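One structure below.
Since this is a predicted model, take the numbers as computed values, not measurements. Read the numbers this way: they start at 1 and go in the same order the structure lists the ligands and their atoms.
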Amino acid sequence: MADLLKKLRKYSKKKIYPFHMPGHKRLFPHPYLGPLYAIDITEIEGFDDLHDPKGIILDSMRKASKLYQADETFFLINGSTAGILSAISGTVGQNDKIVIARNSHKSAYNAIFLRKADPVYIYPPYLKEVKIWGSVSACEVEKMLDANPECKAVFITSPTYEGIISDIKSIADVAHNYGLPLIVDEAHGAHLGLSKRFPESAVHLGADIVIQSIHKTLPFPTQTALLHINGNLVDRNKIKKYISMFQTSSPSYVLLAGIDEGLNFIEKNKSRLFKKLEDNLDIFLNQCNQLKYFKIFQKSMMTRDYIFEKDNSRIVVTWNEIEVTGSYIMKLLSENFGIQIEMAEVNYIIAIAGIMDTKEGFKRFYSALEEIEKLIEQEEKNRKKSSIKKVEFVINPPEIRFLPSEIEGKKIENILLEKAIDRVVADYIYLYPPGLPLVIPGEILSKELIFHLVQYLESGFFLKGISQKGKYLVNVVKE
Ligand SMILES: Cc1ncc(COP(=O)(O)O)c(C=O)c1O
C-alpha cells in the first residue's frame, strides 16, 4: 500500500472527532461508498497541502517525476484541463501570440480566451485515406514562427485522440531555436515512455511542459492528471500559480491517494502489464487482418509519406465498401454485444486499449466486429441501409473576424444554421468526445463549413454549440 493511503486509513481508524470539512464526517452510511468517505478528508494537519506541497504529497509528486523522468511534476485533480489552462496561462499573456495546432482540445482555446491571447493556428494535414487529422510537422511550426517571431509558446497535441504522434524532438528543437517553450498535450499518452514497447513520451523528447491524463490510459481515478516541467525555459512559479488557481482549494484525498497508489502499482508491474498489452494487441491486430470491411488504422495504410508515429493501443476501426456511420457501429457494439467504445466519428470508431485490458475483452471485441460485418452485409442485401453518405471534414481554414476573447460583450442572436452564411459564430461548435472545436468563437461560418456541419448533424451526430430542437440553430454575433 502506498504511503498516502496507509496514512489515511490509519487516520480513519483513530478516534479523532472531525469538527471540520467535509460535512459527511467520514460517517456516510453507504455499503459501497462508505469506505471511500472514511478516507475522504481535506487538508488537515499532517496531510500536506496540494497547493504548497512539502510533505507526503511532495514525496508522491517526486515519485511521479522519477517514474516519468521529468524534472518536476505536479498533481492535477481537475484533469488535463487544469494543466492545459495553467500551462498556457503561465506562458502567454494578453495579446501574446501562441502557435497552436487547430486540432487542440477546448481547454486550450479556453485558456487563450481567458488570457486574451492571440492564436496562430497550424492545421495538421488531413489523412484522406482514413479521414483523420495527421501530425504537426516541425517545418510547419518553423514557418509559423518565422512569420510570427513575437510568439511566446508552441502548443500541440500528441498523441491525438486517434493515437497520432508528432515528431516532438524536431518540433522542440524548432521552438527552442526561437527561445520558446513547447507545451505538449499528452492527455492521451500517459502510458508512453513507460515501456520500450510503445513510443517515447514528449517528456523525454525535449518538450518543456507535458500534460498527461493518467486517468485516460492508465489505472488511475477519473480526473487525475500530471503536469511535468523540464528545463528552464518556463517560469515554474508562474505555472504553479496558475495550477493553484485552476484547481479546487479542497482537493480530494481519495483522488490523491488514487494517484499515489497508481504510481506504486505501475512502478511495480509495468513490465508485466505492458508485455501483456502488447501480446493482446498483437493477437487482436493480426486477427483483424481477416476482417472483410473493417480495417484497423495503421501507418501502413497511408499512400503518402507522412511523418508520424501511431500508438497501437489506440484502436481506430475504419471501413470501406459499407455505408454505415460510426455512431451506428457504436450502437451495435453496445446494444448487441455489451461493448462500450470510447467514441464514434462519422467514418471511424475509437476503442481505447490499456494495460488493464484482458485477453477476453479483446476476444469479445474481435468477435463483435466479425458479427457486425455479417449483420451489415445482410442489411445491405435487404437494402435496409443503416444511414449515410460519406462525410469528409476537409474545410478551408475559416476566416477569423475576432479573437475568441473579443466575442465577450457583443450582442448575440440565435438564428437558423442555414441562414448563418458569412456570420461570425459566438460559441464553440464541436463533437464531444473528442471536444476539438470545429468552429471557434470569432470565426466566420462559410457555406462550405455549414454544409459539413449539416452532414454531421444529418448523420446522427450531436454537435455542441448547435441547438437541434426540430431545426438547427446557432448563436452568431448580431450585425
Ligand atoms: C486531447 C485532449 N486534451 C485534453 C483533454 C482534457 O483532459 P481531462 O479530461 O483529463 O481534463 C482531453 C479530454 O478528452 C483531450 O482529449
Exercise for the section: Have a look at ligand 1 and work out which part of I84, if any, has a heavy atom under 4.0 Å from it: side chain, backbone, both or neither. Expected result: side chain
Practice task
Measure the distances from the heavy atoms of K216 to every atom of ligand 1 and state whether one is below 4.0 angstrom.
Solution key: yes
Handout entry: Per-atom contacts, ligand 1 versus Y161 - under 4.0 Å to a heavy atom
Key = 16 (O)
Problem - S80 contact mode with ligand 1 (heavy-atom cut-off under 4.0 Å) - result: both
Exercise for the section: Under 4.0 Å, heavy atoms only, figure out whether ligand 1 is touched by the backbone of T157, its side chain, both or neither. Expected result: side chain
Problem - Sub-4.0 Å atoms of ligand 1 with respect to non-hydrogen atoms of S213 - result: 7 (O), 8 (P), 10 (O)
Exercise for the section: Give a yes or no on whether a salt bridge exists between E443 and R401, defined as a side-chain N under 4.0 angstrom from a carboxylate O. Expected result: no
Practice task
Determine, step by step, whether F365 and F284 satisfy the ring pair (Phe, Tyr, Trp, His ring centres under 6.0 Å) criterion, reporting the C-alpha distance in whole Å, the side-chain angles of both residues, the deciding distance to 0.1 Å, and the verdict.
Solution key: CA-CA 9 Å; F365 191 27; F284 174 78; 5.4 Å; yes
Handout entry: Contact atoms of ligand 1, heavy-atom distance to A187 under 4.0 Å
Key = 2 (C), 3 (N), 4 (C)
Exercise for the section: For residues T222 and H215, report the shortest heavy-atom separation together with the two atoms involved. Expected result: CA-CB, 3.7 Å
Problem - Reference residue Y161; test side-chain hydrogen bond (donor to acceptor under 3.5 Å, both in side chains); the match among H188, R314, K216, E342 - result: E342
Handout entry: atom 12 (C) of ligand 1: the protein heavy-atom neighbour that sits closest, reported with distance to 0.1 Å
Key = H105 CD2, 3.3 Å
Problem - Distance under 6.0 Å and angle within 45° of ring axis: K7 vs F47 - result: yes
Exercise for the section: Kindly indicate, with the supporting measurements, whether the criterion salt bridge (charged side-chain N to carboxylate O under 4.0 Å, His left out) is fulfilled by K54 and D52. Expected result: CA-CA 6 Å; K54 291 193 172 75; D52 186 18; 2.6 Å; yes
Problem - Nearest-option assignment for atom 15 (C) of ligand 1, heavy atoms, candidates H188, H215, E342 - result: H188
Completion exercise
The closest protein heavy-atom partner of atom 11 (O) of ligand 1 is T81 OG1, 2.6 Å
Practice task
Could you tell me whether a side-chain N or O of R364 sits under 3.5 Å from a main-chain N or O of F337, the two making a donor and an acceptor?
Solution key: yes
Problem - Distance from atom 3 (N) of ligand 1 to nearest protein heavy atom, with residue and atom - result: D185 OD2, 2.6 Å
